[in-house]
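In what follows, a structure is listed as structure tokens, so that the remarks can point back to it.
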Amino acid sequence: MVRVLFIGDVVGSIGREMIEDYLYRIKKDYRIDFTIANVENASHGKGLIKKHYDFFTFQGIDCMTMGNHTFDKKELLDYIDEADRLIVPYNKSAVLPGISSRVFDVSGKKIRVTNLVGCVFMDNRYQNPFDRFDEFLNMEQDIHIIDAHCEATSEKIALAYYAKDKASALLGTHTHVQTADERIIDQKIAFISDVGMTGAYLSSLGCDLDSVILKMRGYHAPFKMSDNSGQFAGVVIEFNDDNRPVSIERILINDDHHYCAS
Ligand SMILES: [Fe+2]
């Protein structure tokens, strides 16, 4: 049996503080074997600097996935070749560096993690993820977990259904709001449309609401990061000895949902 914790989009300093405050307890309470976090928004809302890559490594995150903001901090290019826990979307431009699918040895199992960005309602810098999906689904592994970083729930469920005979979990990220549709599709693939955000709870995707409202009303105002109280969002997936997912459970901690391990 293997238990995997996947943490939804970690946003800014509030998100990093929530990792510091809760990760150790959650890993212990849920007897987690392997931890993945989407960290594409971890450095001031966009991208990932080396200092924060090292922070997550120190906190015990085994694998970090990215998304449409992967290359927003140029500093990434200085350390990406040495960042052996980092995975970037496979449907990025071919001129950009980075590994898109890695295998980790966990308790004798080969756990593959793959990252993609959606193409529905997203910017057009990423290719249609289906175009190369088979290539990754056919790679060697015992357990295959895919971070589908997409805007549209329709695209995420379609990707999961397509992958169900070959992948073990397809977990949605990017929209920052945890959905309540977690399930094991056809007893084959663990799925949730969105794992949710680890960042400021009363915010717009981690941004300060006053600055967001100004921008939405047409003012030329930059987004500011929110400094409101934090939220932790994740899922725990349990795989049996045959590498099949047997359960997926949501974790959501914020001012309205206090932490209690099941
Ligand atoms: Fe994103």
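For ligands, and for the atoms within them, numbers begin at 1 and follow the listed sequence. This structure is a prediction, so every number in the text was calculated from the model and none was measured. Counting begins at 1 with the first residue of the sequence.
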By the definition side-chain contact (heavy atoms from CB on, under 4.5 Å), identify the one residue from Asp62, Ile19, Leu23, Thr35 that meets it with Phe56.
Ile19
Of Asp81, Leu48, Thr65, which is the lone residue that meets side-chain contact (heavy atoms from CB on, under 4.5 Å) with Leu86?
Leu48
Find, among atoms of His174 that are N, O or S, the one nearest to the Fe ion (ligand 1), and state its name.
ND1
Between His149 atom NE2 and Asn68 atom OD1, the angle centred on the Fe ion (ligand 1) rounds (to 10°) to 90°
Geometric cation-pi criterion Lys215 and Phe223, 6.0 Å radius, 45° cone:
yes
Please find the N/O/S atom of Glu40 nearest to the Fe ion (ligand 1) and write down its name.
OE2
Should the heavy atoms of other residues, nucleotides or ligands under 6.0 Å from CD of Glu135 be counted, would the total exceed 12?
yes
